[in-house]
Structures are given as C-alpha cells and as structure tokens.
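Notes follow the structure.
Both counts, for ligands and for their atoms, begin at 1 and track the order of listing.
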Amino acid sequence: MAVRKEIRVSGIVQGVGFRPYVYRLATEHQLAGAIRNTSAGVTIEVEGPGKSVKQFLDRLPAEVPALARITGIDVRELALNGESGFRILASAAGEAIHTLISPDVALCDDCLRELFDPADRRYRYPFINCTNCGPRFTIVREIPYDRPRTSMAVFPMCPACRAEYEDPLNRRFHAQPNACWDCGPRLELWDRAGNRIETEDPLAKAVTQLRAGEVVAIKGLGGFHLAADATNPTAVMRLRERKHRVEKPFAVMVPDLPAAERFCELDAAARAVLISRERPIVLLRARRPTRIAEAVAPFNADLGIFLPYTPLHHLLFESGDFSALVMTSANISEEPIVIDNREAIRRLGDIADYFLVHNRDILLRCDDSVVRPVAGKVRQLRRSRGYVPVPVFLDEGLPPVLATGGELKNTICLARGDQAFLSQHVGDLENLESYAFFREAVSHLERILKITPETIAYDLHPDYFSTKWALGQAGVRLVGVQHHHAHIAACMAENHLHEKVIGFALDGTGYGTDGRIWGGEVLLADFSTFERAAHLAYVPLPGGEAAIREPWRMAVAYLASNFGREFLDRRIPFLREIDAWRIELVLRMMARRLNSPLTSSCGRLFDAVSALVGIRHGVNYEAQAAIELEMATRGSKDEGVYPMDLVAEGACWIIETRPLFEALLCDLERKIPKETISRRFHNTLVATFSRVARLLRERSGIRQVCLSGGTFQNVYLFERLRAALEADGFDVFTHAQVPAGDGGLSLGQAVVAAHRC
Ligand code: ZN
Ligand code: ZN
Ligand code: FE
C-alpha cells in the first residue's frame, strides 16, 4: 500500500551533501517526492510503497554523510498526491534561519587521491575540496551558507566546476568552496616586505626556504602558521628568538600516522583523533631519543603533534619530504592569530623570512584545537578549529543567553534552546587586539546563529575585559556568575546533570564572592546556586601578578604563613637557590600586607611546591611550574602521602597545608629526590580531596561529583582522584566536550544565568 510522509530533519544538514544523499537514497528505493532546505534543517516528502518508505526511514539516519549531524527527525503522514520522480527544490526564502554551519574539515581521502593523481584536473591544486571536506566556518560571512555569502564569492566557477556543483550525483554538488586551477584561489610567495616573488612554483620555492632553515609564514584555514623545520635546531631557535617565545612548546606537524608513531607514544584513542576530520593538535608523550629539536618543547616530556589537514599541508610534506615541521599560530606573544595577507606582512615581517599566501580570504580567525586523550576519552584543552561551531547539546531548553567567558583562554558562548554554541578560542584578553577579536567573535556568532541574547552572563571579576564589556551592554538582563560555580555548571551541563553535586573546581585564579582570589574550591552546587563547602586555606599572593610569574614567591608565602620566620633555619636547597634579600623583601611585603591579596588558589599551591623542590623558580608561560612538577611524578613509583589538616569553619572545611609543608621540608632535608616528593604531593591532594568528598557525602547524601578547572589538565591528579572517588562509591563526571580550564567557563556561565532568570 502506498504512503506519503513528511520528514523534518534538524541538525547539521546543510552544506554537507545532505540533499544529494537523500536524493540517492530516495531514488534507490524508487520513491517519489522532494527535499528542500528550510530554516530548521531540511524537509523531505516521500511517496511510495509502505515497505520502501520504511526502509528509507531506517536508512536515513544511519548512513548520513560524514559531516552531517542529525539532532531531530519528525515524521508525519500526508495524503498521497501521485507524483513521480524525486526532486531537489530551491531553499524557501525569507524564513528565520536556525540551521547549523559545519566546522572546517580536514581534506577527505577522495580529494587526497585526486590531489596526487596526475590525470586529475585538480592535480596538485592546493585548494581542492568537496562536500565532505574543506573550509566552512572560517569562510562564512552570513547564513544561509551559500557561495555568495562566503569569501569564495569573488571566484566565479568555471564551466567544469559549475557542472559538478549543479549535479546532485556529484561529490561536489553544492560544495560552496568548489574550485580548480582555472577558476579558484592561487598561491603566491611574498618576501618580508610584501613583494611578490616571481616564480612558477611558489610552493616549491617555500619548501626550499624551509629546508634551508628559514621561517615561512603559511596561510592556512583559520589563520597563518609560522613554519620551520622541526628537526633543525637553528631554525627552531631562530623562530623562538624572533617570536620572543622563550620556552612555551611549539606544535609540530608530521606527514602521517607512522611518523606520529615514531615521535610519540600512541594508543588507539590518540591514533583515532590524529586522523579524525577535526585534526586537532594532540598532546602526547614524546619518545626519546628523537630527531625533533630540543628547542621545540624544552623541559617538556610531551609533544603536541598533528597531521596535515589542508591540501597545501599535504603538498608541503610531499614536496619537501619533511619529517616534522613546527607549525605554530602566527601571532606575537598572546595576540590573536593573523589572518590577512597585508596584516601578516605588518605584524610578522620581523619573524618570517617568506610568506606563502593565497587570495581566499579568511573571514574568521580560528586557531588549531588542542586535545589530549586521557582515560580513553579525548579531552579538550583548546576547543577551536574543527569543533567550532558544533554546539554542546543540552537536555533542556534555554532562553537566548550570551556568556562572555573569563579573561584567559577566553571563549564566549551563545545558547538558545537545547544548544550551546561556544566560540573558537579567543585567547587572553589582555591586549587591545584580543579585545577587538572578542567583540568580533560575539557579533559574528550572533550573526551566523541569528541569536539575539536577552541575558548576558559575565564573570564577577571587575577588571576582566569580558566583564567590563558585558556591564556596558544596554537593554539586556545582566547576570554575574562566580568563576568556580561556572566551572562546575559547565561540567554539569555537558553531562546532563541537574541535581546538586559535589563540585571540585581547582584552578589558578577566579574572583570569589568575598573579593579574594579563589582556586582550590569544593562547592555544593546546582545550576542556580552554590555553597562553598571546602577550600584551601588562604595565603598571601606576594606581589600579585609577580607571584604568578615567580613561583618562588609562593613557596615563601606558604612557608611564612605556616611557620613564620622559622623556616629560614631549615637546611633546604631552596634557601640557597633564592637570594636572602629577595626572600626578605617578600616577607616584608607580606607582613605589611602590601600588594599581597589572599588566595586559595590550587595552581599557586602547585607553584609553591614546584619552586620548593627546585623545579621552577620562574615561569615563561602559564602553568609551566605545575606542568613540570607533574612530569616529575613520572620519575618515581612512590605511593607516599603527606598529612593535611581539615579544620571546620562553620559549615566550610578549610584545608590547612601546615602538615604537608612540614613533611615536605623534612623530605627536602633528607635529600629525598624531587620526583618522589612530587608524587607524594600529588598523592596528598588525591587523599585530601577524597576525604573532603566523603565528609560532604556524609553531610549531604550527595554521591555525584564533578571535576572542573584548569588544574584537572594535570593527568596524574585527574586520573588518580577520579579512580579514588569511584572506588569510594562516587559517580564522577568530567569534561570531554569543552575544556576543564577557562575555555569551558562560558558554557557554565550561560547555563547558570539561564537558571537565575
Ligand atoms: Zn573532499
Ligand atoms: Zn573551476
Ligand atoms: Fe578557572
């Protein structure tokens, strides 16, 4: 018996080859009907024998194109209309748009094959792409996603490309960035003054310069990279010096999976994410000895590696036979990544020797994402290219909210209904360029998602750029959200939790409701409220920001807070490593309460221990002292634990560190190796936080625990604490979709603000 059905599909179903897919499927089952794009996704009508329609419906969600993502399917019965054939109809104009744009996607296997096929008309064409791969998010100006609304608008298609574009059975049907040698973007090589270098083959010339140890700025998908031969120490040092980047590790691109295997220890999760279409930078344990220059990641046992994701990358490796290239975001210190050709010359003229550019504009900057597989799951450290703008799907509907994020590793979040859209990595909002990027990210995301927020959520820190911006917006409801509450709410949201949880929010800095700097916080929290149930005891932060750059100050702060001046008599190397007059200076500063705000920061506790055991007295990048302290744990198998005190202060437990430091000083005097001390310190935190969790469970009956905050990027602490809590009968929830650090903050802010309204 014949039936006719209407099927409404929502999700990422436009610009991803969805209509040709449905066309083929319907034709295969000999169904009549049509498909068209709508504001909410696509609407399909099919008519034919009931059995065929059922098979069609079964296969529809199961065999979707690589980039499609279905979030909802609604089916309803229609009256038969007796038509024949299946048609792809034009989009309905004038409707409000609620459809999703795909992220940028790594080159697909079909295109890769064509790229190196001498018989293909796109042989070695650096901008080959199809419906299954290529740029999306970074070339979109407006929606609906159509060529005239992208930066491909200036390239009229040649007849051959046009024919592919219009053929529903072609892999390039409605591939908006479709192009070829005849009609598409072209490469050029420029010198540092911005003069075009006359050459038949700009790519070959750039490869020659890289082989000679020079630094080449290469225009990519979401911005420029600075490239240098990663196996050439001189080249890497040259890049470091010119970029004024002392020790912060560089990411390295390697040609393929076997090369990745040579440089790093890979497990199944690492392999899968390395070759995924998102192609993030993957942080992995480096193998030694290695051909990668030491200067790529000094003092670091890990290496951030990624595989080629644009045709240009593949061509570079193929032509240059490089075993590894440094490919670092092209910027100056923490400023936003450069995307424009002329801007590149202006801002990078002193860093790069040559510029491999092209004439397809990047409309939106988007850094590479950074992930790390931990405990079988890929964890986001920086969620950006390849992942944005795929939303985090919530299990409840929110009103339109904008959350402005934090100050460092900023992202913003726009939420509507059951979808929360986090922006790409905006970065550290401490300079005007980043602030401009922040505003650009807000307006672009509002435009392409057509969301007009009724509520704006912001961090309580009065000095954050993101907070000041929010407080300057008129005609909206403003909701301040405490930093650590936002961390826990983010973890709850991505795990679809609603009941009150025990939340461990451990990080470096977050403004507390008492005006102090929090960071070692245990909260009892739900979406609308929280109670501070435990925290690390306050210590001064002598010199404020200076104490973050110079961890030795934190060591002095902890020792003086716990032992007064008595610690000066201890026989520990630390007191010989740091000049006595500098220690005196800090002690005086603290005694007079000069520029010494109080903090319960967990990050600063790591800093203090890192300095005390002699690993890091000063840092060159954020969290360096803690990162190197964690790496030291790998050199020991010790299971020792130091004591720690819990002192009740009303309904709140204060975690007193005096017993910890007493035991640690004894270990130092006994010349116990720093690897052992580091293990014991980590174990102490695991034991203490487990104890806190048990006490809170006794009091509240809550068994669900959320782990959030930048400190949980520490794999040792993360894995151990999780295991300990689970062994203790807790249900432990962690981050996988958004970073545990401040890059995930905006998600939590959005949800909390929505619940407060
Ligand atoms: Zn492709
Ligand atoms: Zn063409
Ligand atoms: Fe934080």
(message) To make sure I understand the geometry: which N, O or S atom in Asp742 is closest to the Fe ion (ligand 3)?
(response) OD1
(request) Could you tell me the angle subtended at the Zn ion (ligand 2) by SG of Cys180 and SG of Cys183, rounded to 10°? (result) 120°
(message) Working to 10°, measure the angle at the Zn ion (ligand 1) formed by atom SG of Cys130 and atom SG of Cys133.
(response) 120°
(message) If I take the Zn ion (ligand 1) as the centre, what angle separates the SG atom of Cys111 from the SG atom of Cys108? Nearest 10 degrees is fine.
(response) 110°
(request) Indicate, with yes or no, if the rings of Tyr511 and Trp518 have centres closer together than 6.0 Å. (result) no
(message) Please name the atom of Asp507, limited to N, O or S, that comes nearest to the Fe ion (ligand 3).
(response) OD2
(message) Can you tell me how the ring of Phe465 sits relative to the ring of Tyr435, calling it parallel under 30°, perpendicular over 60° and tilted otherwise?
(response) parallel
(request) Could you tell me whether the side chains of Asn410 and His425 share a donor-acceptor contact shorter than 3.5 Å? (result) no
(request) Please check if any side-chain donor atom of Thr411 sits under 3.5 Å from a side-chain acceptor atom of Gln424, or the reverse. (result) no
(message) Whether the Asn431 and Ser434 side chains hold a donor-acceptor pair (N or O, under 3.5 Å, no angle test) is what I'd like checked.
(response) yes
(request) Could you tell me which N, O or S atom of His487 is nearest to the Fe ion (ligand 3)? (result) NE2
